[in-house]
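Each remark here refers to the structure printed beneath this line.
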Amino acid sequence: MLRLVSVRHLFLVRHGQSEGNVNPEIHRDMADHAIPLSAEGDRQAKIAGQKLVETFRTTFGDKPPRTRLWQSPYERTRRTADAIHAEMGDDLICDRGEHVLLCEQQFGIFDGIPEEELPILFPNEWSQYEKHRRFEGKFWARMPAGESRFDVAVRVHQSFGTFHRDAESDDVRCVIVVCHGVTLRAFLMMWCHLTPEWFETEPNPHNCAIRRIEDGVDRGYVFNGFPK
């Protein structure tokens with residue numbers, strides 16, 4: 001008989017406070033993927049690691065499942081994952097991986113520009129985007145030369161095959177994913193078969209918030225993180 005093996009436990013973690021959270025002007029001069037954590041973000045990431053250690057002890061006792069840590073290829077998520085790995089150690093995390101499909105939503109020509117300036121700099125593009133956002137909703141409206149939330153959900157779903165193969169080939173039953181607010185909501189929506197309407201009303205997680213999914217069911221936040 002075919003034995004189906006799957007990921008049983010998922011922990012979704014947003015990155016710590018970034019320099020872009022502190023000073024949005026940094027987006028004008030630095031690519032989004034290169035923006036690092038702030039000093040406060042480094043502290044938050046360490047605390048997230050400690051919270052995961054506590055959660056693992058409470059949930060799994062002295063027999064934790066084989067766990068793999070995945071991160072998006074952004075500087076702020078790499079550093080957050082570094083801090084989490086340092087706190088949890090190799091006893092709790094078997095290894096790490098980086099998945100490009102876990103990156104932040106791509107904002108296209110709007111990237112790095114404050115929203116109040118968009119109608120001035122890109123009047124036609126902004127007008128078209130606003131029309132779609134009003135008529136279809138924010139989930140479906142696509143950024144010019146970028147992504148909609150729908151696009152992010154489709155892209156994130158493509159990463160799931162990696163996690164299921166890990167479970168099948170390496171017996172990885174627990175996965176920690178460190179990425180971004182919109183990406184994490186898209187991940188949760190697709191993994192738990194939630195609706196676009198849920199996505200529209202669900203706020204982004206706070207920095208370093210930790211959300212748990214068990215056997216395909218959203219168990220909510222085990223740590224609420226740090227508001228901006």
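Excluded from the calculations below are hydrogen atoms, water molecules and symmetry mates; all remaining heavy atoms, backbone and side chain alike, are included. Along the sequence shown, residues are numbered consecutively beginning with 1.
Atom CD of Q128 is surrounded by 12 or fewer heavy atoms from other residues, nucleotides or ligands within 6.0 Å. For R219, the CZ atom sits in a packed shell: over 12 heavy atoms of surrounding residues, nucleotides or ligands are nearer than 6.0 Å.
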Quiz prompt | Test log, rule side chain to side chain contact (heavy atoms under 4.5 Å, CB included), inputs I47 and C208 | solution = CA-CA 8 Å; I47 292 173; C208 280; over 6 Å; no
Quiz item: What do the steps show when you test E136 against R142 for salt bridge (charged side-chain N to carboxylate O under 4.0 Å, His left out), and what is the final call?
Solution: CA-CA 10 Å; E136 299 177 351; R142 180 173 289 119; over 6 Å; no
Self-check item: salt bridge (charged side-chain N to carboxylate O under 4.0 Å, His left out) evaluation trace for R43 with E40
Solution: CA-CA 5 Å; R43 185 188 74 86; E40 172 62 15; 2.7 Å; yes
Quiz item: Yes or no on side chain to side chain contact (heavy atoms under 4.5 Å, CB included) for V22 and Q17, after CA distance, side-chain angles and deciding distance?
Solution: CA-CA 8 Å; V22 177; Q17 183 190 75; 3.4 Å; yes
Self-check item: Evaluation steps, salt bridge (charged side-chain N to carboxylate O under 4.0 Å, His left out), between R76 and E19
Solution: CA-CA 9 Å; R76 55 189 179 272; E19 291 289 356; over 6 Å; no
Exercise. Please step through salt bridge (charged side-chain N to carboxylate O under 4.0 Å, His left out) for the pair E214 and R212, ending with a clear verdict.
Key: CA-CA 7 Å; E214 184 177 359; R212 179 182 173 190; 2.8 Å; yes
Quiz item: Should D29 and I26 be marked as a side chain to side chain contact (heavy atoms under 4.5 Å, CB included) after you check the CA-CA gap, both sets of side-chain angles, and the distance that decides it?
Solution: CA-CA 6 Å; D29 303 313; I26 196 173; 6.0 Å; no
Quiz item: So E168 and S6, side chain to side chain contact (heavy atoms under 4.5 Å, CB included) or not? Walk me through it.
Solution: CA-CA 7 Å; E168 183 69 37; S6 183; over 6 Å; no
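Proximity of the aromatic rings of F160 and F187 is defined here by a centroid distance below 6.0 angstrom, and this criterion is met. Here the two rings, on H15 and Y74, have centers that are 6.0 Å apart or farther.
The side chain to side chain contact (heavy atoms under 4.5 Å, CB included) with R211 is formed by just one residue from the set D218, V13, V177; it is D218.
Across all their heavy atoms, R149 and K138 have their closest contact at NH2-CE, 3.0 Å. What you find for E116 and P119 is that their closest heavy atoms are O-CD, 3.6 Å. When all heavy atoms are compared, the tightest approach of E75 to A34 is CB-O, 3.8 Å. Closest approach of L92 to P64, counting heavy atoms only: CD2-CG, 3.8 Å. Of all the heavy atoms in A145 and I109, the pair that sits closest is CB-CG2, 4.1 Å.
Within the 4.5 Å cutoff, the side chain of H9 has no heavy atoms near those of the I176 side chain. Between F223 and H206, every side-chain heavy-atom pair lies at or beyond the 4.5 Å cut-off. Side-chain contact between P196 and W140: present, with at least one pair of heavy atoms (C-beta onward) separated by less than 4.5 Å. Side-chain contact between I93 and R68 is absent, with no heavy-atom pair separated by less than 4.5 Å. Inter-residue side-chain proximity for I84 and M88 is flagged as met; some heavy-atom pair is nearer than 4.5 Å. Annotation: side chain of I210 is not in contact with side chain of L12 (no heavy-atom distance under 4.5 Å). Contact annotation: the side chain of L101 never approaches that of V156 to less than 4.5 Å [non-hydrogen atoms, C-beta and beyond]. Annotation: side chain of S127 is not in contact with side chain of F122 (no heavy-atom distance under 4.5 Å).
The aromatic rings of F60 and F11 sit perpendicular to each other, their planes meeting at more than 60°, with 30° as the lower class boundary. Note: F163 and W191 have tilted aromatic rings, judged against thresholds of 30 and 60 degrees for the angle between ring planes.
The backbone N or O of P65 lies less than 3.5 Å from a partner atom in the side chain of T67, making a donor-acceptor pair. Side-chain N or O atoms of T183 include none that pairs as donor or acceptor with a backbone N or O of C179 at under 3.5 Å. Formation of a donor-acceptor pair under 3.5 Å by the E125 side chain with backbone atoms of P144 is not found in this model. In this structure, the side chain of N21 engages the main chain of S18 through a donor-acceptor pair within 3.5 Å. For N23 (side chain) and E25 (main-chain N/O), a donor-acceptor pair under 3.5 Å exists by modelled atom type. In terms of modelled atom types and a separation under 3.5 Å, the side chain of E200 and the main chain of F139 share a donor-acceptor contact. At least one donor-acceptor pair under 3.5 Å links the side chain of T201 to the backbone N or O of W198. Looking at S72, its side chain never comes within 3.5 Å of a backbone N or O of T77 through a donor-acceptor pair. Using modelled atom types, no side-chain atom of R133 and backbone atom of A141 make a donor-acceptor pair closer than 3.5 Å.
Residues satisfying the ring-ring contact (aromatic ring centres under 6.0 Å, His included) test with H99, not counting sequence neighbours, are W70.
Atom CG of D32 sits about 6.5 Å away from atom CD of E104, to the nearest 0.5 Å.
Cation-pi contact between R185 and F199: present, with separation from the ring centre below 6.0 Å and deviation from the ring axis of at most 45°.
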